[in-house]
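One structure below.
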2 protein chains.
Amino acid sequence: MSIRYALLGIISKKPVTGYDVVTIFKQKMIYFWSSTHSQIYKELHKMEEEDLITHQLVIQGTSPNKKVYSLTDQGKKDLIRWAIEEPLKPAKIKDEFLIKTTIFPILSEEEINQLLDEVIEREHSILAKTKEWKEHFHSQGDSDIGTILTVEYGIRYSEMYLEWCKWAKQMIQDKA
Amino acid sequence: MSIRYALLGIISKKPVTGYDVVTIFKQKMIYFWSSTHSQIYKELHKMEEEDLITHQLVIQGTSPNKKVYSLTDQGKKDLIRWAIEEPLKPAKIKDEFLIKTTIFPILSEEEINQLLDEVIEREHSILAKTKEWKEHFHSQGDSDIGTILTVEYGIRYSEMYLEWCKWAKQMIQDKA
DNA sequence: AGGCGCATGTAATTAGTTACATGATTCA
DNA sequence: TGAATCATGTAACTAATTACATGCGCCT
């Protein structure tokens, strides 16, 4: 249900198309939420039915038409109500790698190190991309405090993960 | 689908009842996965159908009977195959608070601080509980490397979160 | 000629949550 | 006597994923 408020949050900044919502979501929210275009389009339809958003159809002659969504008064009210009144649900993480970590005792040291190296590489590349995005937003003059805070979260999360991996490698070596 | 391997991982350590699986899951895997007893019992049934686990019924006279599950050879093989062969899926986080963070610009400073304080308190209590568990496992002589690594992950995650919150508060104050 | 970006959707399936349902034992 | 722990399940619903489906314009 929270996906709805993520989308409402995006549209609240400025009117955008469904396609834009998907793009912005993947740029800015990938650090703390996940979704697909398929779910997003469906949720946009539901929100429109419930009068939280409306759209204006923009006919673009040659290129495909697009729907530009914006918040209704009710949508904005509901977004703020949710933010300040709705009790916070605990964060949910689904991290496959840490499941694999729990069974390290039945894997060989070589296999463990291979897995750890893989995840280190992945996290390095995520971190690099996040830092790139941070620079990008910065250079675009995007000083939205929400963006600043959540991008910083993404960077800190990846850094923590990498440090933990380094520590884990040491632990494995010491135990062997 | 990964929930299956989380459960297989638990049962691989020693034969346990469904109830035990639920309990262990909530103690040890809460930092990186989430599920409910309802989903777990269903998955156990499916895994038994597919010959990855079997159970022995233990009749306990007065208290309710229980099913003690253990891995079949096929189950163990599949668990290891998954761990070393199956390509790693990226971690998925669903953190409501960070959605709320994205709309800080339309909230008052007071509302923002209230939200941040709430989340700081929550994270403090999670961290305290995690540290408690770490001591508990330690004192029980549980030196399973999987447990050591994942509990440490939980601690580092909470600490990162708290430091980020502190930094966020400072940012908000500076901006105001 | 092929791939990427823009642009929007539906269908089928699987995963996950919440509520319903029961019942004994143990401890305060 | 009421709450917590042990113990197991099903039903109804919602959320989410993957695959299917289309098509133009632009760049190389």
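Not measured: the values here are computed from a predicted model. Any value given below was found using the heavy atoms of this structure, including those in side chains, with hydrogens, waters and symmetry copies removed. Within every chain, numbering begins at 1; the chains are lettered A, B, ... in the order of the sequence lines, protein sequences first and strands thereafter.
Distance from the side chain of A/Thr36 is smallest to D/dT18 among C/dT10, D/dT8, D/dT18. Of the listed nucleotides (C/dT8, C/dA15, D/dT8), C/dA15 has the atom at the smallest distance from the side chain of B/Met1. Picking from C/dA15, D/dT17, D/dG9 the nucleotide with the shortest atom distance to the side chain of B/His37 gives D/dG9. Of the candidates D/dA15, D/dT8, C/dA7, D/dA15 carries the atom nearest the A/Lys46 side chain, counting heavy atoms from C-beta on. Comparing atom distances between the A/Gln39 side chain and each of C/dA7, D/dA7, D/dA15 picks out D/dA15 as nearest. Of the listed nucleotides (D/dA15, D/dA7, C/dT8), C/dT8 has the atom at the smallest distance from the side chain of A/Lys67. Here the nucleotide nearest the side chain of A/Lys42, chosen from C/dT8, C/dG16, C/dA12, is C/dA12. In the set C/dC6, C/dT17, D/dC6, the nucleotide with an atom closest to the side chain of B/Ser34 is C/dT17.
Between B/Lys94 and D/dA15 there is no side-chain N or O to OP1 or OP2 distance below 4.0 Å. For A/Tyr41, no side-chain nitrogen or oxygen approaches OP1 or OP2 of C/dG9 to under 4.0 Å. Note on B/Lys92: every side-chain N or O is 4.0 Å or more away from OP1 and OP2 of D/dA16. For B/Tyr19, a side-chain nitrogen or oxygen approaches OP1 or OP2 of D/dC6 to under 4.0 Å.
For A/Ile93 and C/dG16, the CD1 to P distance is 15 Å, given to the nearest whole Å. One can place CD of A/Gln60 at 11 Å from P of D/dG25, the figure rounded to the nearest angstrom. Look at CD1 on A/Ile24: it is 15 Å from C1' on C/dA7, rounded to the nearest Å. Atom CD1 of A/Ile3 is separated from atom C1' of C/dT17 by 17 Å (rounded to the nearest Å). The nearest whole Å value for the distance from the CG atom in B/Leu44 to the C1' atom in C/dG16 is 15 Å. One can place CG of A/Asn65 at 15 Å from C1' of D/dG25, the figure rounded to the nearest angstrom. Following rounding to the nearest Å, A/His45 (NE2) and C/dA7 (C1') show an atom-to-atom distance of 12 Å. Put simply, CD on B/Glu43 is 16 Å from P on D/dT8, counting in whole angstrom units.
Among the heavy atoms of the strands, none lies under 4.0 Å from A/Lys89.
Using a 4.0 Å cut-off between charged nitrogen and carboxylate oxygen, B/Glu43 and B/Lys46 count as a salt-bridge pair. Under the 4.0 Å criterion applied to side-chain N and carboxylate O atoms, A/Asp73 and A/Lys76 are not assigned as salt-bridge partners.
The base of D/dT18 sits within donor-acceptor range of the side chain of A/Ser38, with an N or O pair under 3.5 Å.
Between B/Lys134 and B/Glu152, the shortest heavy-atom distance links the atoms NZ-OE1, 4.0 Å.
Between the side chain of A/Thr72 and the backbone N or O of A/Asp51 there is at least one donor-acceptor pair closer than 3.5 Å.
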Practice problem: Apply side chain to side chain donor-acceptor pair (under 3.5 Å) to B/Lys28 and B/Thr147, showing your working. | Solution: CA-CA 7 Å; B/Lys28 298 198 170 179; B/Thr147 304; 3.3 Å; yes
Quiz prompt | Working for side-chain contact (heavy atoms from CB on, under 4.5 Å), residues B/Trp164 and A/Tyr157 | solution = CA-CA 9 Å; B/Trp164 173 80; A/Tyr157 176 83; over 6 Å; no
